[in-house]
Amino acid sequence: MPAQYILDVHDVARSIPRGRVTTYGAIASFLTLGSARMVGWAMNKCMPGEDVPAHRVLNRKGELSGRNAFPTPTTMQERLEEEGISVTDDKVDNFKDLFWDPIELLP
DNA sequence: GAGGTGACGGCGG
DNA sequence: GCCGCCGCCACCT
């Protein structure tokens with residue numbers, strides 16, 4: 001049985017709006033995990049069937065740092081472009097405007 | 001039990 | 001803005 005914080009990370013990832021992206025650090029701060037590495041590790045532990053949009057989670061520079069964990073290294077970019085997000089050289093274009101902070105979930 | 005690793009980030013130079 | 005150092009913490013030799 002997965003630990004609770006892993007499920008929390010996946011839950012936040014699922015609530016990322018379509019066509020928007022966020023960062024490991026933003027999720028780590030929102031869940032007060034104390035380390036962004038935990039978010040990356042938790043995403044790597046996402047099971048098939050949980051339907052976690054891990055492709056919307058990037059590092060602080062807007063790079064697709066986790067693309068190697070997908071079935072093929074191009075899967076992450078393809079799924080982003082499918083949502084209308086353009087990717088160039090493993091980086092999201094207009095990252096600053098597409099960034100979505102999980103804090104917006106709170107009222 | 002000890003040391004290294006990693007889908008990372010903040011801070012100083 | 002780029003580069004390097006250090007902190008972070010669960011996991012894996």
Side-chain angles (χ1 to χ4, degrees):
Chain A
M1 192 61 180
Q4 184 62 41
Y5 55 84
I6 294 181
L7 300 179
D8 289 340
V9 171
H10 295 176
D11 195 52
V12 173
R14 272 192 295 270
S15 54
I16 301 173
R18 180 183 177 83
R20 302 291 299 279
V21 295
T22 191
T23 68
Y24 302 96
I27 297 175
S29 176
F30 178 71
L31 296 176
T32 60
L33 292 180
S35 175
R37 289 184 183 271
M38 298 295 86
V39 179
W41 174 80
M43 294 310 296
N44 195 28
K45 286 297 179 189
C46 69
M47 309 295 182
E50 278 192 289
D51 195 32
V52 180
H55 57 280
R56 295 176 188 158
V57 185
L58 315 170
N59 67 5
R60 66 172 166 183
K61 295 179 276 188
E63 296 172 337
L64 282 57
S65 52
R67 69 186 186 293
N68 292 325
F70 285 79
T72 71
T74 59
T75 304
M76 193 171 182
Q77 175 170 347
E78 289 173 4
R79 298 193 76 171
L80 285 171
E81 290 179 336
E82 205 170 333
E83 300 182 358
I85 301 174
S86 61
V87 178
T88 303
D89 193 30
D90 295 330
K91 286 177 301 226
V92 169
D93 293 340
N94 205 15
F95 168 66
K96 191 174 180 179
D97 287 335
L98 295 177
F99 175 74
W100 174 84
D101 197 320
I103 201 70
E104 295 181 17
L105 289 173
L106 300 177

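Residue numbering restarts at 1 for every chain, and letters A, B, ... go by the order of the sequence lines. Heavy-atom basis, side chains included; hydrogens, waters and symmetry copies ignored.
In the set B:dG9, C:dA10, B:dA7, B:dA7 carries the atom at the smallest distance from any side-chain atom of A:Ser65. Closest to the A:Trp41 side chain, of the nucleotides B:dG9, B:dA7, C:dC11, is C:dC11. When distances run from any side-chain atom of A:Met43 to the nucleotides B:dA7, B:dG6, C:dC12, the shortest one goes to B:dA7.
B:dG9 atom C1' lies 13 Å from atom CD of A:Glu63, rounded to whole Å. As a whole-Å value, the separation of A:Ile6 CD1 from C:dC11 C1' is 11 Å. Between A:Tyr24 atom OH and C:dA10 atom P there is a gap of 19 Å when expressed in whole angstrom units. Taking atom CG on A:Asn59 and atom P on B:dG6, their separation rounds to 16 Å, with Å as the unit.
Helical stems of DNA chain C (runs of at least 3 Watson-Crick or G-U pairs, donor-acceptor distances under 3.5 Å) are listed by first residue: B:2-6 with C:9-13, B:8-13 with C:2-7.
No side-chain donor-acceptor contact under 3.5 Å links A:Arg67 to the backbone of A:Met76. Checking side-chain atoms of A:His10 against main-chain N and O of A:Tyr5 turns up no donor-acceptor pair under 3.5 Å. No donor-acceptor distance shorter than 3.5 angstrom exists from the side chain of A:Ser29 to the backbone of A:Ala26, with no hydrogens or angles considered.
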* Structure fact -> In B/S/- notation (B base, S sugar-phosphate only, - none; protein heavy atoms under 4.0 Å), nucleotides 1-8 of chain C written 5' to 3' is ------BB
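The two residues A:Arg14 and A:Asp51 come nearest to each other via the heavy atoms CG-O, 3.6 Å.
Nucleic acid contact for A:Tyr5: sugar-phosphate only, since backbone atoms but no base atoms lie under 4.0 Å from a heavy atom of the residue. Nucleic acid contact for A:Ala54: base, since at least one base atom lies under 4.0 Å from a heavy atom of the residue.
Side-chain contact between A:Trp100 and A:Ser15 is present, with at least one heavy-atom pair separated by less than 4.5 Å. At a threshold of 4.5 Å between non-hydrogen side-chain atoms, the residues A:Thr22 and A:Phe30 do not count as touching.
Between the CG atom in A:Leu33 and the CD1 atom in A:Ile6 there is a gap of 10.5 Å [rounded to 0.5 Å]. To the nearest 0.5 Å, atoms CD1 (A:Ile27) and CE (A:Met38) are separated by 13.5 Å.
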* To do: For the pair A:Arg56 and A:Glu83, evaluate salt bridge (Lys or Arg N to Asp or Glu O under 4.0 Å) and give the outcome as yes or no after the intermediate values.
  => CA-CA 10 Å; A:Arg56 295 176 188 158; A:Glu83 300 182 358; 2.8 Å; yes
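Residue-to-nucleotide proximity on DNA chain C shows that, of A:Lys45 and A:Met38, the 5′-proximal contact is made by A:Met38.
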